[in-house]
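Working notes, beginning with the structure itself.
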Amino acid sequence: MPQEDNLSGSNSTGIDPSVFFLTGIPGLEALHLWISIPFSSVFIVALLGNCTLLYVIKTEPSLHKPMFYFLTMLAVIDLVLSTTTMPKILSIFWFNSREISFNACLVQMFFLHSFSIMQSALLLAMAFDRYEAICNPLRYTTILTNSVIAKIGLAALARALLLVIPGPFLLRKLPYCRSHVISHCYCEHMAVVSLACADTRVNKIYGIIVALFIVGLDLMFISLSYVKILRAVLSLASKEEQLKALGTCGSHLCAILVVYTPVILSSTIYRFGHHVAPHVHILMANFYLLFPPMMNPIIYGVKTKLIRDRVLLFVRWKSS
């Protein structure tokens, strides 16, 4: 499109090297206004769902348990992930506001990647919670005390910071003498790296190592937890006890699928789908950011009776 050509041309001359431009969804610029309808709807549902979840857990004493403390952390992470990207994405769709400063781009990237890593860590922590609840039910409350839960949360934060902090520093050292147009809706690490006019092997290796370290290790430990859980469940005497034990893992398993499936699909398409249209890559990347924050409160609200009953009670009270 002519506008994109002007953007690319003006930035390649280096008029203001501290300014970048986000394209939105390449190839679908004419449909941005229509695309904004599902995007904004999902954003609103994610905000309302996670805020409701936090309110319900805070005000209901019966929900002050380890699993729900982890769920509180997950809801906060989902809110940060949503608010880090969606306002800028919607401003592109609605007002064609594509400009973003390099520093703002790095800040957005930092929050996006650090909280994504924390999300993965929380899913692992919740797998550990389910393992202890099923395999060590008598020691559950003595193992997962409030101090232990707080330490797990701090460890998740520390790991995310240690892994993400090098990224912005590596990017700041690169010269950007080519086009400053980022072919994405938000500042994603590899999308910015591709604009550098220098050797970016270190940045690419760093990105791959972090992705493999997070997805690979966390999924491996989650799988190991569920292998042990399955063995413990199968050792139970009756079918009813087995189904009841597995039922307590249902919400967490759904959350794992909701979070990791888009990540794996997006990574696979990015690495191997060289003939896939660019807008498919971008839509999948947005799906992985938008879908989990919307679905997590719905999953836990529907499948967890304590939360469901409290929400229904709150709705009835408001409508009366």
Side-chain angles (χ1 to χ4, degrees), residues 49-81 83-84 110-111 113-165 210 213-229 231-233 244-245 247-256 259-260 292-293 296-297 299-301 303-307 309-311:
N50 285 290
C51 287
T52 301
L53 199 61
L54 290 172
Y55 173 79
V56 168
I57 294 172
K58 182 179 185 298
T59 57
E60 179 53 55
S62 63
L63 297 178
H64 295 174
K65 298 174 182 177
M67 182 179 78
F68 298 105
Y69 290 142
F70 288 130
L71 187 53
T72 298
M73 296 180 200
L74 188 64
V76 171
I77 289 167
D78 284 342
L79 284 171
V80 173
L81 285 175
T83 53
T84 296
F110 173 80
F111 277 96
H113 292 306
S114 59
F115 277 84
S116 294
I117 291 171
M118 285 178 65
Q119 184 184 56
S120 182
L122 257 294
L123 288 175
L124 175 57
M126 292 167 88
F128 174 68
D129 169 83
R130 291 300 83 204
Y131 166 76
E132 292 297 340
I134 293 172
C135 299
N136 297 304
L138 298 178
R139 298 173 55 218
Y140 176 66
T141 54
T142 58
I143 293 173
L144 281 169
T145 60
N146 289 346
S147 63
V148 169
I149 292 167
K151 288 173 184 176
I152 290 173
L154 289 173
L157 175 62
R159 184 185 76 154
L161 293 177
L162 287 172
L163 288 172
V164 174
I165 283 175
V210 170
F213 181 77
I214 298 306
V215 178
L217 276 183
D218 287 359
L219 270 180
M220 183 182 74
F221 285 119
I222 288 171
S223 301
L224 183 62
S225 296
Y226 272 98
V227 167
K228 290 180 175 292
I229 287 170
R231 286 174 59 186
V233 168
K244 186 178 178 181
T248 64
C249 302
S251 299
H252 182 245
L253 286 170
C254 289
I256 290 169
V259 170
Y260 283 112
N296 284 335
I299 289 168
Y300 281 95
K303 294 188 75 66
T304 307
K305 188 177 185 299
L306 284 171
I307 293 177
D309 292 346
R310 181 65 182 176
V311 171

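Keep in mind that the numbers below use all heavy atoms, side chains included, and drop hydrogens, waters and symmetry copies.
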**Request:** Please answer whether the main-chain N or O of T142 pairs with a side-chain N or O of T145 as donor and acceptor at a distance below 3.5 Å.
**Result:**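 Judged by distance alone, no pair lies under 3.5 Å.
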**Asked** Do side-chain atoms of H64 reach the backbone of K58 as a donor and acceptor pair under 3.5 angstrom?
**Response**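 Checking the backbone N and O of K58 against the side chain of H64, a donor-acceptor pair under 3.5 Å is found.
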Flag side-chain contact, heavy atom, 4.5 Å: [X] against [Y]:
X    : Y    : value
T52  : P297 : no
I57  : Y300 : no
L74  : L53  : no
C51  : L79  : yes
M67  : L144 : no
Y260 : I222 : yes
L163 : H113 : no
V148 : I143 : no

What closest approach, in Å, do [X] and [Y] show between heavy atoms, and which atom pair accounts for it?
X    : Y    : result
S251 : I299 : O-CG2, 3.5 Å
A156 : M118 : O-CG, 3.7 Å
R159 : I117 : NH2-O, 3.5 Å
D218 : S120 : OD2-OG, 2.5 Å
P292 : D78  : O-OD2, 4.0 Å
L161 : F110 : CD2-CZ, 3.4 Å

**Steps toward side chain to side chain contact (heavy atoms under 4.5 Å, CB included) verdict (F115, T84)** = CA-CA 10 Å; F115 277 84; T84 296; 5.9 Å; no
**Message:** Going by side-chain contact (heavy atoms from CB on, under 4.5 Å), name the residues that satisfy it together with A150, two or more places apart in sequence or in a different chain.
**Reply:**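 Here no residue qualifies.
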**Request:** Using side-chain contact (heavy atoms from CB on, under 4.5 Å) as the criterion, list what pairs up with S223, not counting sequence neighbours.
**Result:**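 Listed in chain order: nothing, the list is empty.
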Anything under 3.5 Å between a donor and an acceptor, one on a side chain of residues 122-133, the other on a protein residue two or more places apart or in another chain? List them.
| from | atom 1 | to | atom 2 | distance (Å) |
| --- | --- | --- | --- | --- |
| D129 | OD1 | Y140 | OH | 2.5 |
| E132 | OE1 | N136 | ND2 | 2.9 |

